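Just below is one structure, and these are the notes that go with it.
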Amino acid sequence: MSKDYILGVFENEESLVSAFEKVKEKGVLPVEVYTPYPVHEILEGMGNKTRITTAAFFYGLFAAIGILAFLTWAASLSWPLNYGGKPFNAFPSFIVVTIVATILSITILTLFTFSARAKIFPGKVPEIFHERATDDRFVMVIDKKSLGENSAEINSIISEYGEIE
């Protein structure tokens with residue numbers, strides 16, 4: 001681990017939330033907060049909003065259009081077979097295939113998008129800040145460069161509610 005960070009290690013959620021709010025009042029936003037379970041005050045306080053739902057919507061839209069276009073092309077233009085009185089473009093028969101293939105496309109493309117954004121790939125060495133970070137401890141990572149002149153105040157806030165590493 002690099003020494004460019006201050007780690008605040010807390011034993012419970014209440015002390016983490018209290019320290020987080022006081023640190024944020026001082027104008028310092030932690031780089032990351034590691035918790036054993038989701039803490040909604042921290043998630044809202046960090047302000048990181050994801051756009052993966054928008055990406056998934058567009059993946060689904062373009063996949064559905066592409067799949068319907070392919071099925072229409074294959075059934076009507078490329079290989080038009082007239083069997084059993086079926087019209088060349090039997091659109092209702094394409095619906096189930098389109099729905100299933102669209103769901104598959106959304107799932108796979110969203111997985112790749114999330115993996116690329118989170119920089120998760122095979123063989124990556126994880127950066128572990130604290131050995132018990134998500135087991136039973138709450139860890140707040142603060143960049144030393146963002147502290148400025150508030151360094152002593154931030155250290156005292158963290159020491160009041162937890163311990164500094």
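This chain uses plain numbering: 1 for the first residue, then up along the sequence. Treat the numbers as computed from the prediction; the structure is a model and nothing was measured.
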I'd like a table of donor-acceptor pairs (distance under 3.5 Å, sequence neighbours excluded) in which one partner is a side-chain atom from residues 98-108, with atom names and distances.
unit_1 : atom_1 : unit_2 : atom_2 : d
T98    : OG1    : F94    : O      : 2.6
T102   : OG1    : T98    : O      : 2.6
S105   : OG     : A101   : O      : 2.8
T107   : OG1    : I103   : O      : 2.8

**Request:** Not counting sequence neighbours, list each pair that qualifies as a side chain to side chain donor-acceptor pair (under 3.5 Å) and has a residue in residues 116-126.
**Result:**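 Those involving residues 116-126 do not exist here.
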**Item:** Residue pairs, two or more places apart or on separate chains, that pass side chain to side chain donor-acceptor pair (under 3.5 Å) and touch residues 6-20
**Value:**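 Listed once each, the pairs are N12-S15, E13-Y37.
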Taking C-beta and beyond as the side chain, do [X] and [Y] meet within less than 4.5 Å on heavy atoms?
{"X": "I142", "Y": "P30", "value": "yes"}
{"X": "Y34", "Y": "V141", "value": "yes"}
{"X": "F20", "Y": "V39", "value": "no"}

**Item:** Distance, nearest 0.5 Å, that separates CD1 of I42 from CE of M140
**Value:** 7.0 Å
**Request:** Give, for atom CD1 of I157 and atom CD of E21, the distance between the pair rounded to the nearest 0.5 Å.
**Result:** 11.5 Å
**Asked** N155: what forms a side-chain contact (heavy atoms from CB on, under 4.5 Å) with it, not counting sequence neighbours?
**Response** I6, S151, I164
**Remaining members of the apolar cluster that contains L43, side-chain heavy atoms under 4.5 Å** =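 None; L43 is a cluster of one.
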**Co-members of the apolar cluster containing L61 [side chain, <4.5 Å]** = F57, F58, F62, I65
**Complete:** Closest heavy-atom pair, A133 versus V139, reported as atoms and distance to 0.1 Å, is CA-CG2, 3.8 Å
**Request:** List the atom of M46, the atom of V31, and the distance in Å for their closest heavy-atom pair.
**Result:**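 Minimum heavy-atom separation between M46 and V31: CE-O, 3.7 Å.
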Does [X] share a hydrophobic cluster with [Y], counting links as ILVMFWY side-chain heavy atoms below 4.5 Å and allowing steps through other members?
{"X": "L77", "Y": "I67", "result": "yes"}
{"X": "L109", "Y": "L68", "result": "no"}
{"X": "I120", "Y": "I52", "result": "yes"}

**Prompt:** Among pairs that include at least one residue of residues 141-165, which meet ring pair (Phe, Tyr, Trp, His ring centres under 6.0 Å), considering only residues two or more places apart or in two chains?
**Reply:**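 Of all non-adjacent pairs touching residues 141-165, none passes ring pair (Phe, Tyr, Trp, His ring centres under 6.0 Å).
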**Asked** ring pair (Phe, Tyr, Trp, His ring centres under 6.0 Å): which pairs involve residues 98-122, sequence neighbours left out?
**Response**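 Non-adjacent pairs meeting ring pair (Phe, Tyr, Trp, His ring centres under 6.0 Å): zero.
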**Asked** According to the salt bridge (Lys or Arg N to Asp or Glu O under 4.0 Å) rule, which pairs have a member within residues 25-36, sequence neighbours left out?
**Response** K26-E153
**Prompt:** With sequence neighbours left out, which residue pairs that include part of residues 42-52 fulfil the salt bridge (Lys or Arg N to Asp or Glu O under 4.0 Å) condition?
**Reply:**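 Matches after skipping sequence neighbours: none remain.
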**Item:** salt bridge (Lys or Arg N to Asp or Glu O under 4.0 Å) against R132, all qualifying residues, sequence neighbours excluded
**Value:**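 So R132 forms a salt bridge (Lys or Arg N to Asp or Glu O under 4.0 Å) with D136.
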**Asked** Who are the ring pair (Phe, Tyr, Trp, His ring centres under 6.0 Å) partners of Y59, not counting sequence neighbours?
**Response** none
